[in-house]
Amino acid sequence: MAANKVIMVAEKPSIALSIASVLSHGQMSTRKASTDVHEFEGMFLGFHVHFKVTSVIGHVFSVDFPEKYQNWTTTDPLDLFQAPIQKTEANPKAHIRRHLSQEARGYGNLVLWLDCDREGENICFEVMDCIGHSNETRRRIYRARFSSVTEKDILKAMDNLVEPNKDEALSVDARQEIDLKVGVAFTRFQTSFFQGKYGNLDSRVISYGPCQTPTLGFCVQRYLQINTFKPEKFWAVRPYIMQKGYELQLEWERNKLFDYDVAVMFQKLVMEDGILEVTEIVEKQESKSRPSGLNTVNLLKVASSALGFGPQMAMQVAERLYTQGFISYPRTESTAYPSSFDFRGTLGAQVNNPTWGSYVQKLLADGYQKPRSGTDVGDHPPVTPLRSATEDMLGNDAWRLYEYICTHFIGTVSPDCKYVRTRVEFSIGGEFFHCVGHRVLVKGFTSIMPWLAVTEKNLPQFKKGEKIEVSQVDLHEGMTSPPDFLSESELISLMEKNGIGTDASISVHINNICERNYVQVLAGRKLGPTALGITLIRGYQCIDPDLCLPDIRSFIEQQITLVAKGQADHFRVVQHVLQQFRQKYSYFVKQIENMDALFEAQFSPLADSGRVLSKCGKCLRYMKHISSQPSRLYCNTCEEVYYLPQKGSIKLYKELTCPLDNFELLIFSMPGPDGKSFPLCPYCYNSPPFEGIDTLFGAVKSGPSSQLGKGAGMPCFLCPHPTCRHSLIAQGVCACPECSGTLVLDPVSAPKWRLCCNMCNFLVLLPEGAHQISTTRERCPECDSTILEVDFNKKTTPLENGETLYTGCILCDELLHSLVEMKYGKSFFKRMGGRGRGRGSRRGGYRGRGRGTGKKVDPKMSFRDF
DNA sequence: GCAAGGTC
């Protein structure tokens with residue numbers, strides 16, 4: 001390990017770039033890899049060294065259960081609490097692990113520049129895991145602690161390197177394990193329980209999570225408040241006066257009364273007196289403070305309430321503004337600027353902006369204010385503009401968010417708003433009334449943030465002791481009204497207050513409960529819970545209210561904080577918390593009938609749901625199509641559910657039946673005007689090897705129909721056999737020797753590349769190591785089937801000299817002399833001859849009855865024989 | 001098909 005080589009790893013590419021720029025004074029060379037790598041020479045701990053700076057992209061790993069526990073039907077969710085867990089690369093395609101280990105080779109020092117929070121600390125250990133940090137490597141490990149990516153902070157961190165904090169990292173491991181086990185166990189159980197029971201449950205997955213469920217809880221709590229609200233009538237005495245030409249309505253000190261007779265009595269007293277006396281005039285200068293720096297939560301709240309953007313969209317737009325360099329990093333909890341913040345420079349960038357440039361110029365000339373102190377969590381500075389932009393440059397949505405970020409920033413360094421508040425008090429008939437006026441002295445920040453302006457209200461002149469005649473005394477009748485549905489912005493506040501989610505994940509949880517159909521976003525971005533959302537929360541409330549209370553998150557947080565502080569052992573804390581949740585889970589399962597009673601009242605059983613569509617092949621009675629998600633067929637007689645492809649329409653297909661199972665065929669059409677259609681048999685679709693076939697076909701599942709034909713999206717076929725109308729989604733590559741049906745890639749064994757006949761399940765095993773298969777235009781002279789080309793992975797091919805291509809007919813077991821010889825010359829067969837086992841030899845997986853073509857062929861080579 | 005947390 002070279003001691004004069006230092007590798008530094010940041011949490012994301014942009015931070016690596018900033019660190020490298022500062023430490024190299026811009027004199028570094030940059031190379032593209034999984035994430036950019038910057039290299040330069042410099043001083044480290046008093047030595048001249050070679051530096052390399054690169055980054056991860058957030059967490060390198062995520063946790064999940066091993067394969068064995070992935071099957072929903074064979075795994076009891078209760079077992080998940082004790083199941084092992086494994087870490088796998090969060091984004092395997094990014095190859096971060098390989099990247100880090102390669103780049104760190106030969107580097108004797110590692111400096112970890114991950115964000116300074118628990119997650120960052122955890123990623124430190126992920127990085128160490130990737131590059132190896134065992135004793136043998138003898139690499140020195142350092143942790144840089146910094147609260148912003150400014151030159152000052154970076155240099156300070158370099159001078160004060162510490163060790164990574166194992167306890168904090170372990171607390172994140174604990175959270176990950178607890179969240180995974182609890183979330184997945186409850187989700188699998190309640191999904192399986194309710195989905196197989198009710199037809200009009202409009203949800204594919206009925207999820208549970210220690211963040212998402214309390215989030216839903218807030219929305220339902222407000223709904224229940226509204227629902228149980230009893231409006232009440234109230235009355236208020238409202239005297240009017242004419243003063244110096246102004247008509248003025250006075251406010252009652254008692255505000256309102258809920259007893260009509262008493263209110264009438266007071267009205268009479270006031271009317272009988274008829275003369276108001278001015279008892280007090282209080283004039284006071286007040287001020288409205290400029291805002292403190294903008295953090296993510298406040299950005300999301302404004303985006304929702306003022307711009308009408310949902311949190312998910314707001315974050316997407318902010319992310320784009322950030323990557324384009326218009327604003328600073330948008331995920332931060334801090335509302336205080338770091339002491340080193342360059343206000344003059346940030347303002348200076350806006351002086352030529354056509355919208356607020358002149359205001360900024362004036363602010364710079366008159367002297368901007370020091371911002372109000374806020375909280376500095378030590379993560380990132382508040383969200384601020386970097387480059388100036390116009391609406392034309394950004395487009396409408398991004399502009400509106402950018403405009404807010406700019407005006408908010410300018411507001412934070414503008415003067416406070418100052419105004420005079422005048423309160424005039426009156427007495428009449430023993431009752432007291434008042435009126436309030438506002439006169440603005442200094443608009444301050446409200447001139448750039450006009451929606452926060454103090455509204456001017458002029459009052460006519462009064463003198464203390466002055467007597468004024470009442471012009472009219474009304475008895476106003478009103479009705480108390482329920483609160484409105486929880487607004488998204490209120491929900492964000494509640495989540496923040498209760499520690500549900502983080503700046504980066506709050507928007508995800510809100511989006512989750514919308515996508516799972518627990519709440520709907522109504523006009524004005526109010527969140528209205530659906531029947532499913534309400535029933536779930538009411539169910540938890542009657543079985544175990546803890547399950548939907550925000551305390552469940554605080555409990556986990558508090559427990560893992562013990563680990564983070566080194567006050568408790570990681571393993572014991574995890575065991576303790578899981579033990580508690582396991583008990584809660586068992587009790588929940590035992591009591592599920594109580595929740596089910598609520599579901600029964602709200603949803604209809606499968607038998608009563610859906611429309612009659614097609615005949616069951618077993619009982620020959622009609623089955624019902626349940627169109628709500630997940631789309632499926634239900635046979636009332638057999639009590640069987642047959643799942644269908646999702647997100648499309650389904651109809652009866654020509655009243656044809658499947659020759660294999662007698663189920664009536666259906667035709668599925670994907671959404672959209674040019675949505676493709678394909679026929680299918682509901683029974684085969686749910687049976688191996690076709691089970692879940694749509695998961696293989698990205699385009700069917702999620703992509704627009706235009707993607708069909710590319711990659712995983714494949715065209716659809718009916719078996720060409722005259723008596724076989726069996727159907728499937730597949731790529732037809734060859735004819736079946738048994739029935740001439742289409743041979744298709746078998747989805748179960750993919751990517752092992754078995755071929756399977758759609759009609760008779762005749763399976764053809766292709767050579768192992770084949771990693772691509774394609775059709776040629778050639779036909780087999782023996783059986784007239786399409787000739788396939790199989791491409792081998794060089795590592796596994798038995799061929800010598802790197803030959804990687806076969807051409808042949810899989811049906812006659814024949815490699816075609818002419819074709820292969822044409823391509824590779826005669827020596828090809830010699831080389832291959834020794835490996836053949838001849839026709840008829842079979843290997844596992846081949847289930848065909850093997851009629852073959854009846855013709856002997858040479859040489860003794862077979863695709864099946866591999 | 002499942003959680004929550006990073007980041008893109």
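Only this structure's heavy atoms are used, side chains among them; waters, hydrogens and symmetry mates stay out. Below, chains carry the letters A, B, ... as their sequence lines are ordered, and counting in each starts from 1.
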Exercise. In whole Å, what is the span from the OH atom of A:Y585 to the C1' atom of B:dC2?
Worked result: 12 Å
Seminar exercise, completed: Ranking B:dT7, B:dC8, B:dG1 by distance to the side chain of A:D115, first place goes to B:dT7
Exercise. For the side chain to side chain contact (heavy atoms under 4.5 Å, CB included) test, which of A:I154, A:V9, A:V127 pairs with A:W113?
Worked result: A:I154
Exercise. If you find the nucleotide of DNA chain B closest to A:V508 and the one closest to A:G209, which residue's nucleotide is nearer the 5' end?
Worked result: A:G209
Exercise. Nearest to the side chain of A:E319, which nucleotide is it out of B:dG5, B:dC8, B:dG1?
Worked result: B:dC8
Problem set entry | Spacing of A:R175 atom CZ relative to B:dG5 atom P, expressed in whole Å | 6 Å
Exercise. Heavy atoms under 4.0 Å, any strand shown: does A:F186 hit a base, just sugar-phosphate, or nothing?
Worked result: nothing
Exercise. Of all the nucleotides listed (B:dA3, B:dC8, B:dG6), which has the minimum atom distance to the side chain of A:E11?
Worked result: B:dG6
Problem set entry | Whole angstrom value for the distance that separates P of B:dC8 from CZ of A:R320 | 15 Å
Exercise. How about A:I510 and A:M495: do any of their side-chain heavy atoms sit closer than 4.5 Å?
Worked result: yes
For this session: Applying ring pair (Phe, Tyr, Trp, His ring centres under 6.0 Å), name anything that partners A:F186, two or more places apart in sequence or on another chain.
Result: A:Y208, A:Y585, A:F588
For this session: Compare the minimum distances between each of B:dT7, B:dC2, B:dA4 and the side chain of A:I57, then state the nucleotide with the smallest one.
Result: B:dT7
